[in-house]
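Report on the following structure.
When reading the values below, keep in mind they use all heavy atoms of this one structure, side chains included, and skip hydrogens, waters and symmetry mates. Counting starts at 1 for both ligands and their atoms, following the listed order.
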Amino acid sequence: MAEYSTLKVDLGDRSYPIYIGQNLLDQADILKKHIPGNSALIVTNEIVAPLYLKKVEALLDGIRFESVILPDGEQYKNLNVLNTIFDALLTHHMDRNTTIIALGGGVVGDMAGFAAASYQRGVHLIQIPTTLLSQVDSSVGGKTGVNHPLGKNMIGAFYQPRAVIADTNTLNTLDDRQLSSGLAEVIKYGLIKNANFFDWIEQNMDALLQREPKALAYAIEVSCQTKADVVAADEKESGQRALLNLGHTFGHAIETGMGYGEWLHGEAVGAGMCMAAKMSALLGWFSNEQVKKTISIMKHAKLPTTAPESMDEKQFLDLMSVDKKVLDGVLRLILLKSIGDAVVTSDYSKQQLAEAIKLAYTD
Ligand code: NAD
Ligand code: GLY
């Protein structure tokens, strides 16, 4: 039997549950009760399919289903590959009552989600995230989309799933680098909203790196609850949801500048959060002690803390200027007042931003 907890993303008649626990992929009733029609398309990739596709297919007894297997990697999160999902939907005559099931990490989830948002102007979506990063962040909250060569996640839609099913057993097959990438987003929740959680992560980092089930389950639950609360309050990011992008403006610049897939998303965000901490200190908002704590927790999580040498300051400034937080030509950044307290701000000068980028190359 599966042991699990259930959280809720409260969005009125579009509210949905997040199931978190072990052995959820052995439990047909959880998945099936969120499939309204009699057909489904499972979207997964070439790494996840051999591991978990049969398990999910076995849960769909009585439902007409097909599967589409995407190539693996951030470099395939684009419009061309997205089109193969539409090809499958049309080839198999999937109608408006079809459910798309995203089985994989954030890349699969974002692409399958965007396909669900746009196929026949919207079909049902269920997220089955299989990486730590997707279990704590990308499967929840309805951001979907693909990259453009000139900017990360630049094409997409807000589209909420009917359910998120996070089977923590799937994390056992994840490699260590991917685990650390997910930990970056866990640390993010502590930094932006919850100093106690930040302390808990610091104290339990070894347990998390060793994948102790209780520690992982707790980290996933607190992360999802934090995200669910933020999304319920500001679904379309007109205010506080932007806080979830701490470290992301700089991180997205690294991902785009280095070439998609070179740095993992969480690695780029980890270095980005260190840059945000240094810039916050430069503005007099954050203490040097807190900068040290931020760098130290990233190092403990085995994440990079400095910018790649192969990117220069101008490249950063150019790439950061196409961020989605640019409004009317002004780039808003997420900075820190203290650990557990982040703000969205454009209250900095061009020189201060340039100075912070310089500081990002060393600890
Ligand atoms: P990913 O989807 O590329 O998965 C990482 C790697 O792990 C891939 O090689 C994948 O095939 C493999 N994998 C997946 N599950 C596995 C498992 N159980 N065992 C072994 N290998 C497995 O990357 P990710 O870190 O999950 O997600 C990153 C993506 O998520 C980025 O594109 C980022 O932009 C996006 N993202 C979206 C949101 C959102 O709100 N929509 C939030 C954060 C990140
Ligand atoms: N990952 C940022 C957000 O979902 O808003």
- [ ] Classify the side-chain pair N23/D167 by whether it contains a donor and acceptor separated by less than 3.5 Å.
- [x] no
- [ ] Please lay out, stage by stage, how F250 and F316 fare under the test ring-ring contact (aromatic ring centres under 6.0 Å, His included).
- [x] CA-CA 7 Å; F250 200 68; F316 272 111; 4.3 Å; yes
Open item on the list: Could you check whether any side-chain N or O of E267 sits under 3.5 Å from a backbone N or O of L264, counting only pairs where one atom can act as donor and the other as acceptor?
Closed with: yes
Task: Pairs flagged by salt bridge (charged side-chain N to carboxylate O under 4.0 Å, His left out) wherever residues 124-149 is involved - sequence neighbours left out - done: D137-K188, D137-K227, K143-E237
Task: Nearest heavy atoms of S346 and R332, plus distance in Å - done: CB-CG, 4.3 Å
Under 3.5 Å, N/O to N/O: give me all the pairs between ligand 2 and the protein, one per line with atom names and distance.
residue	atom	partner	partner atom	Å
ligand 2	1 (N)	D137	OD1	3.3
ligand 2	4 (O)	K227	NZ	2.6
ligand 2	4 (O)	R241	NH2	2.8
ligand 2	5 (O)	K143	NZ	2.8
ligand 2	5 (O)	R241	NE	2.7
ligand 2	5 (O)	R241	NH2	3.3

Open item on the list: Between S139 and S134 (side chain of the first, backbone of the second, donor and acceptor by atom type, cut-off under 3.5 Å), is there such a pair?
Closed with: yes
Open item on the list: Strictly under 4.0 angstrom, heavy-atom based: which residues surround ligand 1?
Closed with: N45, I47, V48, L51, Y52, D72, E74, K77, G105, G106, V107, D110, T130, T131, L133, D137, S138, K143, K152, N153, T170, T173, L174, Q178, E185, K227, H265
TODO: Indicate if L336 and L359 have the same hydrophobic cluster label, given that clusters are the connected sets of ILVMFWY residues with side-chain heavy-atom separations under 4.5 angstrom.
DONE: no
- [ ] Provide the closest heavy-atom pair for Y19 versus L24 in the form atom of the first, atom of the second, distance.
- [x] O-CD1, 3.7 Å
Task: Contacts of type side-chain hydrogen bond (donor to acceptor under 3.5 Å, both in side chains), residue T362, not counting sequence neighbours - done: none
